[in-house]
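See below for the structure under consideration.
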Amino acid sequence: MSLIAGNWKMYNGPVEAGELCRTLRKTDLPDGVEVIVCPPFVSLAESVQVLAGTEIGVFAQNCHWEAEGAFTGEVSAPMLKELGVYGTLVGHSERRQWFGETDDTVARRVYACLEAGLQVIACVGETEEQRDKGATHAVLRRQVAGFEADQNLVIAYEPVWAIGTGRTATPDMAQEAHETIKELLDVPMLYGGSVKPDNAAELLAQPAIDGALVGGASLEVDSFAAICRAAIR
Ligand code: 13P
């Protein structure tokens with residue numbers, strides 16, 4: 001089964017999210033492909049409601065490791081579950097880059113979310129500088145060192161230099177990075193970083209690539225649905 005997840009990032013407030021989910025509901029998405037959307041926190045309730053009764057899963061974009069407490073601005077796994085959210089992204093590079101997320105805090109979030117029964121898509125990936133220095137594989141190994149295989153864990157490999165840039169890892173580069181991670185952890189893996197309808201099929205044809213984490217192209221139903229169709233195996 002392949003998995004296509006759309007990370008809406010800080011786009012689509014409740015009204016727009018509701019509209020996008022209503023269009024997704026009416027769209028013919030392929031069987032045999034697990035489809036997930038990750039709206040911002042404020043749009044989760046609306047998305048869960050509109051997509052109720054469909055096969056499309058709703059995930060958050062982040063989640064704290066404690067169930068409750070004095071953690072201003074954070075949201076916990078029990079809160080997400082109460083809303084009907086199935087899972088969450090954790091450790092996206094934008095959180096590492098702009099919000100001080102570290103391998104340690106990412107690992108804590110992953111562990112707590114899995115314990116609470118949420119599905120987790122944990123994100124890893126090297127910067128351009130790290131790739132140029134030949135450090136890609138060491139960075140990936142370090143980033144996944146704090147994770148343990150779990151039936152609810154998926155890892156997304158998103159090279160930072162490919163996110164929102166229109167530059168994509170070649171299928172060989174992505175395959176190689178996925179193999180490095182799969183040697184350490186046998187879990188499904190998504191590729192992310194400028195996945196578009198015209199490059200999705202060749203990336204998804206790689207044996208170690210089990211799906212895609214899509215940013216920009218997930219904001220339009222046509223391009224998102226085209227990527228879902230490219231994932232049919
Ligand atoms: P883009 O598809 O816009 O490059 O974003 C990738 C991403 O960060 C998904 O989490």
Side-chain angles (χ1 to χ4, degrees), residues 2-12 16-17 20 24 33-41 43-44 47 56-63 85-99 101 106 109-110 113 118-128 130-131 136 139-140 143-144 147 153-171 173-174 177-178 181 187-204 206 209-231:
S2 23
L3 194 166
I4 303 295
N7 174 10
W8 294 356
K9 307 195 178 188
M10 202 171 70
Y11 295 97
N12 293 330
E16 285 169 308
L20 187 48
L24 272 175
V33 178
E34 198 179 332
V35 179
I36 287 168
V37 293
C38 311
F41 283 132
S43 303
L44 286 170
S47 303
I56 303 171
V58 178
F59 276 39
Q61 298 176 9
N62 190 22
C63 180
V85 168
Y86 284 104
T88 184
L89 302 179
V90 172
H92 191 281
S93 67
E94 286 150 16
R95 300 227 44 96
R96 295 174 189 258
Q97 187 177 358
W98 303 112
F99 304 102
E101 202 78 71
V106 171
R109 290 178 198 269
V110 170
C113 291
L118 285 177
Q119 295 180 21
V120 172
I121 300 176
C123 306
V124 298
E126 81 286 1
T127 61
E128 181 154 42
Q130 289 165 335
R131 177 162 283 272
T136 299
V139 167
L140 297 178
Q143 288 177 331
V144 302
F147 307 160
L153 177 65
V154 171
I155 294 182
Y157 167 61
E158 299 203 303
V160 177
W161 47 270
I163 294 177
T165 58
R167 290 168 63 200
T168 319
T170 63
M173 279 157 86
H178 284 213
I181 293 169
V187 297
M189 287 205 53
L190 313 181
Y191 168 77
S194 298
V195 176
K196 308 287 177 204
D198 60 0
N199 62 22
E202 57 172 357
L203 286 159
L204 293 163
Q206 297 299 312
I209 301 184
D210 304 300
L213 181 55
V214 186
S218 71
L219 299 173
E220 300 288 337
V221 170
D222 287 350
S223 47
F224 189 55
I227 293 169
C228 292
R229 284 193 293 275

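Order of appearance sets the numbers: ligands from 1, and atoms from 1 within every ligand. Just so you know, residue 1 is the first one in the sequence shown, and it goes up from there.
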When only distance counts, is [X] in polar contact with ligand 1, meaning an N/O pair under 3.5 Å?
| X | result |
| --- | --- |
| Gly164 | yes |
| Gly216 | yes |
| Gly215 | yes |

Can you list the residues that meet the side-chain hydrogen bond (donor to acceptor under 3.5 Å, both in side chains) rule with Glu101, with sequence neighbours excluded? Thr105, Arg109
Check each of Ser194, Ala5, Ala162, Gly166 against atom 1 (P) of ligand 1 and report the one with the nearest heavy atom. Ser194
Minimum distance, heavy atoms only, to atom 9 (C) of ligand 1: which one of Lys196, Glu94, Glu158 is it?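 Among Lys196, Glu94, Glu158, the closest heavy atom to atom 9 (C) of ligand 1 belongs to Glu158.
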In Å, rounded to the nearest 0.5 Å, how long is the span from CG of Leu203 to OH of Tyr191? 6.0 Å
If I take atom CG from residue Asp198 and atom NZ from residue Lys196, how far apart are they, to the nearest 0.5 angstrom? 9.0 Å
Relative to the heavy atoms of Leu213, which atoms of ligand 1 are at a distance of less than 4.0 Å? 9 (C), 10 (O)
Taking 4.0 angstrom as the limit and counting only heavy atoms of Lys9, give me the atoms of ligand 1 inside it, by number and element. 5 (O), 6 (C), 7 (C), 8 (O)
Check Asn7 against ligand 1 and report side chain, backbone, both or neither, counting heavy atoms closer than 4.0 Å.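 Under 4.0 Å from ligand 1, Asn7 contributes side-chain atoms alone.
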Any donor and acceptor pair, going by atom type alone, linking the side chain of Arg96 with main-chain N or O of Gly91 inside 3.5 Å?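 Indeed, once roles are kept as given, a pair shorter than 3.5 Å links the two residues.
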Please output the side-chain donor-acceptor pairs of residues 121-128 that fall under 3.5 Å, not counting sequence neighbours, one pair per line with the distance.
| residue | atom | partner | partner atom | Å |
| --- | --- | --- | --- | --- |
| Glu126 | OE1 | Tyr157 | OH | 2.9 |
| Glu126 | OE2 | Arg131 | NE | 2.7 |
| Glu126 | OE2 | Arg131 | NH2 | 3.2 |
| Glu126 | OE2 | Tyr157 | OH | 3.0 |
| Glu126 | OE2 | Trp161 | NE1 | 3.0 |
| Thr127 | OG1 | Gln130 | N | 3.2 |
| Thr127 | OG1 | Gln130 | OE1 | 3.2 |
| Glu128 | OE2 | Arg167 | NH1 | 3.2 |
| Glu128 | OE2 | Arg167 | NH2 | 2.9 |

Identify which one of Leu190, Ile36, Val195, Leu204 satisfies the side-chain contact (heavy atoms from CB on, under 4.5 Å) criterion when paired with Ile4. Leu204
